[in-house]
Amino acid sequence: MNSAAQAPQETVPVSPLPPLARFRGEPLFELPRDLYIPPEALEVFLEAFEGPLDLLLYLIRKNNLDVLNIPMAELTRQYAEYVEAMRSGRLELAAEYLLMAALLVEIKSRMLLPLPVSSREEEDRDPRAELVRRLLEYERMKQAAQNLNQLPQLGRDFLPVLVWVDRAAAPRLPDVHPEDLRQAWLALIVRARAFQHHRVSREQLSVRERMSQVLRRLRGEGFLPFIELFEPVRGVPELVVTFLAILELSREGLIQVAQEAPYLPIYVRLAHGSDLIPLPA
Amino acid sequence: MDPTLSPSPPDLDLPTLKRVLEAALLTSSEPLALGDLKKLFDHDVGNEPLRKLLEELRTDWEGRSVELVSVASGWRFRAKPEFQKYLERLQPQKPPRYSRAVLETLAIIAYRQPVSRGDIEEVRGVSVSGNILKVLETRGWIEVVGHREVPGRPALYATTPAFLDDLNLRSLEELPPLDDLGSLVEEREGLQEATAETAARAD
Amino acid sequence: MDPTLSPSPPDLDLPTLKRVLEAALLTSSEPLALGDLKKLFDHDVGNEPLRKLLEELRTDWEGRSVELVSVASGWRFRAKPEFQKYLERLQPQKPPRYSRAVLETLAIIAYRQPVSRGDIEEVRGVSVSGNILKVLETRGWIEVVGHREVPGRPALYATTPAFLDDLNLRSLEELPPLDDLGSLVEEREGLQEATAETAARAD
């Protein structure tokens with residue numbers, strides 16, 4: 001894990017993790033060398049380990065043992081003493097710790113037995129192999145967890161930018177599609193049961209559009225020369241539509257068309273009753 | 001940086017102070033009062049230097065899509081309203097819809113213009129509230145283009161060029177034709193469907 | 001502005017496009033993918049012009065307290081970590097600090113995914129409480145991605161894009177590499193198998 005684990009020394013720092021435990025308010029960064037654990041601290045010691053693999057790793061690192069050549073007898077003895085200390089503290093000990101104790105004893109006993117002559121394949125198999133594999137994998141993940149925890153984390157180490165959007169400042173307006181208008185019109189017809197009256201042809205629609213345009217053009221004007229309402233460059237159909245629009249507006253009494261005498265210019269104005277503007281001379 | 005902002009605070013120079021302020025304002029979802037902003041620093045930054053820095057920040061951000069504004073409870077960055085129409089596209093919210101009354105009124109004005117309120121009421125068979133016309137006028141889709149020379153001189157409404165633009169039409173002639181409505185209405189089933197659909201859309 | 005970004009889109013010029021992008025990224029609480037950013041505009045802005053604009057924005061923001069970063073789910077602005085010591089003073093509540101059990105479980109899921117609860121327990125040598133998985137699920141860092149087809153059909157867990165986002169990473173490959181424990185592993189007769197197996201699992 002780190003070079004400190006390799007060097008012989010009295011105690012082995014467990015990690016840059018938080019204190020292993022707190023005992024009478026003092027942080028404990030390492031377990032005592034001897035096996036005496038103050039009874040009040042047993043529970044926190046137990047909590048300090050993530051399980052039997054963690055405890056085993058601790059023992060191996062603390063004793064500077066070679067993971068790949070674990071002296072099973074010594075490791076098993078130390079482990080059993082810890083577990084016994086925990087048990088005598090009448091702590092509810094997780095079953096995994098007892099299971100591991102059984103496994104250690106089993107490995108130890110298998111190493112004492114002579115290998116059966118027949119099973120050549122089994123010859124090379126060290127009973128410790130599976131335990132070593134698990135210890136190494138656990139240690140790797142334990143280290144990976146620390147590395148992960150050291151990565152900058154949103155909320156803890158940096159904040160996302162979040163600029164306010166004032167939804168009320170520019171409220172979203174409904175979208176209307178041309179088809180909505182057709183549907184609305186259809187509904188009207190269905191309701192009125194009189195669609196024949198409201199049937200509107202394309203031509204009529206262009207005339208009605210031109211009627212609005214002519215009214216808009218005349219707005220705020222007095223009399224406007226009739227011919228100024230026409231734009232010959234837009235073609236004959238446009239001239240006809242404009243002419244029809246003027247006729248229709250006149251028929252509906254919306255505009256007033258005036259000519260002082262035959263062959264004189266024709267003028268058009270909105271049919272206002274009040275603000276009469278004299279005909280230009 | 002304004003040179004009158006001296007004396008410089010002991011642990012941070014002014015550019016750094018400003019950067020911290022900017023980061024705090026950009027990452028806070030709530031407005032930050034001067035009192036909040038002071039908590040950012042170990043030493044006491046006076047109200048005046050703080051306000052000057054905030055004013056500088058506000059100027060720095062001018063012309064961007066986001067602006068620094070001072071509201072009742074403090075300072076905050078906010079998106080400029082004119083950018084909201086883009087930002088809303090990221091929200092999967094259902095767009096608001098106009099009521100059936102508004103849509104029908106708009107349809108009548110679009111297809112029958114120029115029309116008076118009386119004309120609209122006659123087609124719809126119900127009275128048209130001034131509110132409906134106002135919604136459409138505020139939207140810039142209809143306007144008064146004249147008055148009918150009858151008693152009361154009722155205003156005549158027509159659609160505006162903005163209406164055509166917003167519906168992506170070049171002229172009223174591009175509105176869906178109504179010619180084929182006859183066949184639709186004659187079919188009983190089609191009618192019921194249409195009615196149901198219209199009712200659903202009006203919700 | 002990069003002149004190679006032509007042809008200019010029909011309705012917005014490039015400076016405006018950039019301002020809209022900036023506004024969207026500054027106001028979004030989540031990272032925005034290219035696909036999200038395209039929704040901002042009526043016309044189709046290609047991936048390449050979009051990426052160029054984002055790179056331009058990133059450059060524009062260099063040297064500020066806030067930076068534009070690319071993470072697993074897209075692009076986002078964040079305050080630089082070196083400003084956290086100031087900004088955290090305004091945070092009303094401290095962010096969660098996870099226990100070793102939670103962190104180890106997360107590491108196993110991150111590096112060995114997809115894994116079942118049984119797989120995690122196998123590595124850790126203890127039972128994994130449902131609470132631990134819930135903490136990580138609630139944070140949005142892990143999710144069930146399937147079930148193993150064995151009796152009981154145990155759920156298989158994997159990390160989410162949000163996990164990578166929150167660690168400011170673009171992919172799992174950017175996670176810190178697993179420590180090479182080789183220095184500890186000396187060749188021993190009879191243990192070659194175990195070593196080989198460990199190495200294989202590290203891949």
Side-chain angles (χ1 to χ4, degrees), chain A residues 158-167 169-193 195-206 208-219 249 252-256 270-274, chain B residues 23 26-29 66 76-79 81-82 84-85 87-88 93 95-98 100 103-104 106-108 110-114 123-125 139 143 145-150 153 156 158-159 166-169 171-179 181-182 184-185 191 194-195 197-198 201:
Chain A
F158 63 89
L159 294 177
V161 164
L162 187 53
V163 166
W164 185 54
V165 180
D166 182 6
R167 305 276 168 209
R172 181 157 180 193
L173 295 170
D175 286 329
V176 172
H177 298 281
E179 184 56 26
D180 296 330
L181 297 180
R182 200 178 85 102
Q183 291 294 336
W185 190 262
L186 179 62
L188 284 169
I189 287 166
V190 168
R191 266 213 322 274
R193 294 168 185 271
F195 67 91
Q196 297 277 4
H197 283 300
H198 296 298
R199 185 176 260 174
V200 179
S201 69
R202 282 177 168 275
E203 289 75 17
Q204 278 176 304
L205 194 54
S206 66
R208 302 213 76 85
E209 179 171 34
R210 188 55 48 85
M211 285 165 69
S212 291
Q213 284 167 359
V214 169
L215 287 177
R216 211 175 267 126
R217 177 85 174 82
L218 292 172
R219 195 169 49 186
L249 285 167
E252 292 185 21
L254 294 171
I255 58 169
Q256 192 183 334
L270 291 176
H272 282 195
S274 49
Chain B
L26 283 170
T27 54
S28 169
S29 51
V66 157
R76 83 184 330 174
F77 277 106
R78 69 160 187 186
E82 58 262 40
Q84 275 188 48
K85 60 175 183 282
L87 305 183
E88 272 155 9
Q93 288 165 0
R97 289 197 62 86
Y98 282 126
R100 194 167 87 172
L103 279 177
E104 286 181 6
L106 183 60
I108 294 164
Y111 283 107
R112 303 292 289 157
Q113 59 188 287
V123 177
R124 289 199 62 223
R139 184 81 191 251
E143 64 180 342
V145 290
H147 294 265
R148 186 167 287 145
E149 288 311 314
V150 295
R153 299 189 67 246
L156 291 170
T159 54
D166 287 355
L167 272 75
N168 211 20
L169 301 170
S171 80
L172 283 178
E173 283 177 74
E174 289 187 0
L175 276 175
L178 303 175
D179 298 351
L181 283 186
L184 264 175
V185 176
L191 184 150
T195 315
E197 191 184 348
T198 309
R201 291 167 78 94

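Just the heavy atoms: all of them, side chains too, but no hydrogens, waters or symmetry mates, feed the values below. Just so it is clear: chains get the letters A, B, ... in the order the sequence lines come, proteins before strands, and each one is counted from 1. Just so we're clear, the structure is a prediction, and the values are computed from it rather than from any experiment.
You'll find the side chain of B/R148 reaches within 4.5 Å of the side chain of A/E252, heavy atoms only. Counting heavy atoms from C-beta on, the side chains of B/L167 and A/L181 come closer than 4.5 Å.
The shortest heavy-atom contact between B/E173 and A/E209 is N-OE1, 4.1 Å. Residues A/L254 and B/H147 share a closest heavy-atom pair of CD2-O, 3.8 Å. Residues B/R78 and A/V163 share a closest heavy-atom pair of CA-CG1, 3.6 Å. A pairwise comparison of heavy atoms in B/R139 and A/P174 identifies NH1-O, 2.6 Å as the closest pair. Nearest heavy atom pair, residue B/R112 against residue A/W185, reads CG-CH2, 3.4 Å. Shown here for B/Q113 and A/S212, the closest heavy-atom pair between the two residues is OE1-OG, 2.6 Å.
One finds the NE2 atom of A/H177 at 11.5 Å from the CG atom of B/D166 (value rounded to the nearest 0.5 Å). For the atom pair CG of A/D180 and CD of B/E104, the computed distance is 12.0 Å after rounding to the nearest 0.5 Å.
The residue among B/T27, B/L156, B/L172 with the most heavy atom pairs within less than 4.5 Å of chain A is B/L172. Per-residue heavy-atom pair counts under 4.5 Å with chain B were compared for A/I255, A/L218, A/V176, and the maximum is reached by A/V176.
Of the two parts of B/L169, only the side chain, counted from C-beta on, holds a non-hydrogen atom closer than 4.5 Å to a non-hydrogen atom of chain A. Looking at B/R76, only its side chain comes within 4.5 Å of chain A, counting heavy atoms on both sides.
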